[in-house]
Amino acid sequence: HMLILGVTNPEGVKKYVAAAFPSACGKTNFALMIPALPGWKVECVGDDIAWMRFVDGKLRAINPEAGFFGVAPGTSEDTNPMALKCVEKNTIFTNVALTEDNDVWWEGMTKEAPERLTDWLRRDWNADTA
């Protein structure tokens, strides 16, 4: 469970950060951060696996994966708009519910759950059966 970020300051100096985090701790939210400070830029290189080694005295890291793995509950437009933008297309979802219009939904995505859902086991779900 590794994270690699590129952080660029307003002067254009870019540094990379590599860190290890436990599962479901907010690592993907951190990786997809939108800086609140003017002029700063954050770029995600990877949020799950990092292969690291020293080359000529410098630590080098790559992300061998293509894509992200994230734990969705609690992720919403308010908590992480960049994460929602990233999953708008070309995304495989697991363990989420389907809305009546075949969109995905998970706990915390909206303030209120939709009236009717189909759970990940294809069972009807509503607030009365929860």
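Within 6.0 Å of the CG atom in Asp56, the count of heavy atoms belonging to other residues, nucleotides or ligands does not exceed 12. No more than 12 heavy atoms of other residues, nucleotides or ligands shown are found within 6.0 angstrom of OH on Tyr16. Within a 6.0 Å radius of CD1 in Ile92, other residues, nucleotides and ligands contribute 12 heavy atoms or fewer.
Rounding to the nearest 0.5 Å gives a distance of 10.5 Å between CG of Leu5 and NZ of Lys14. In this structure, the separation between CZ on Arg123 and OG1 on Thr118 is 11.0 Å, given to the nearest 0.5 Å. Atoms CG and CD1, on Leu3 and Ile49 in that order, are 13.0 Å from each other to the nearest 0.5 Å. Atom CH2 in Trp125 sits 10.0 Å away from atom CD in Glu115 (nearest 0.5 Å). Within the model, atoms CD of Glu77 and CE of Met82 stand 10.5 Å from one another, a figure rounded to the nearest 0.5 Å. A distance of 7.0 Å separates CG of Leu84 from OG1 of Thr79, quoted to the nearest 0.5 Å.
The minimum heavy-atom distance linking Pro64 with Ile62 is given by the pair CD-O, 3.5 Å. Of all heavy-atom pairs spanning Met109 and Val104, the tightest one is SD-O, 3.6 Å. Of all heavy-atom pairs between Gly108 and Ser76, the closest is O-CB, 3.3 Å.
You'll find the side chain of Asp78 reaches within 4.5 Å of the side chain of Lys111, heavy atoms only. In this structure the side chain of Val7 reaches within 4.5 angstrom of the side chain of Trp40, judged on heavy atoms. A 4.5 Å side-chain heavy-atom check between Leu32 and Lys85 finds every atom pair outside the cut-off.
Leu117 pairs with exactly one of Thr99, Leu98, Asp124 by the side chain to side chain contact (heavy atoms under 4.5 Å, CB included) rule, that one being Thr99.
Note on Phe21: it clusters hydrophobically with Val42, by side-chain heavy-atom contacts below 4.5 Å among ILVMFWY residues.
Side chain to side chain, Trp106 and Thr75 fail the donor-acceptor criterion of an N or O pair below 3.5 Å.
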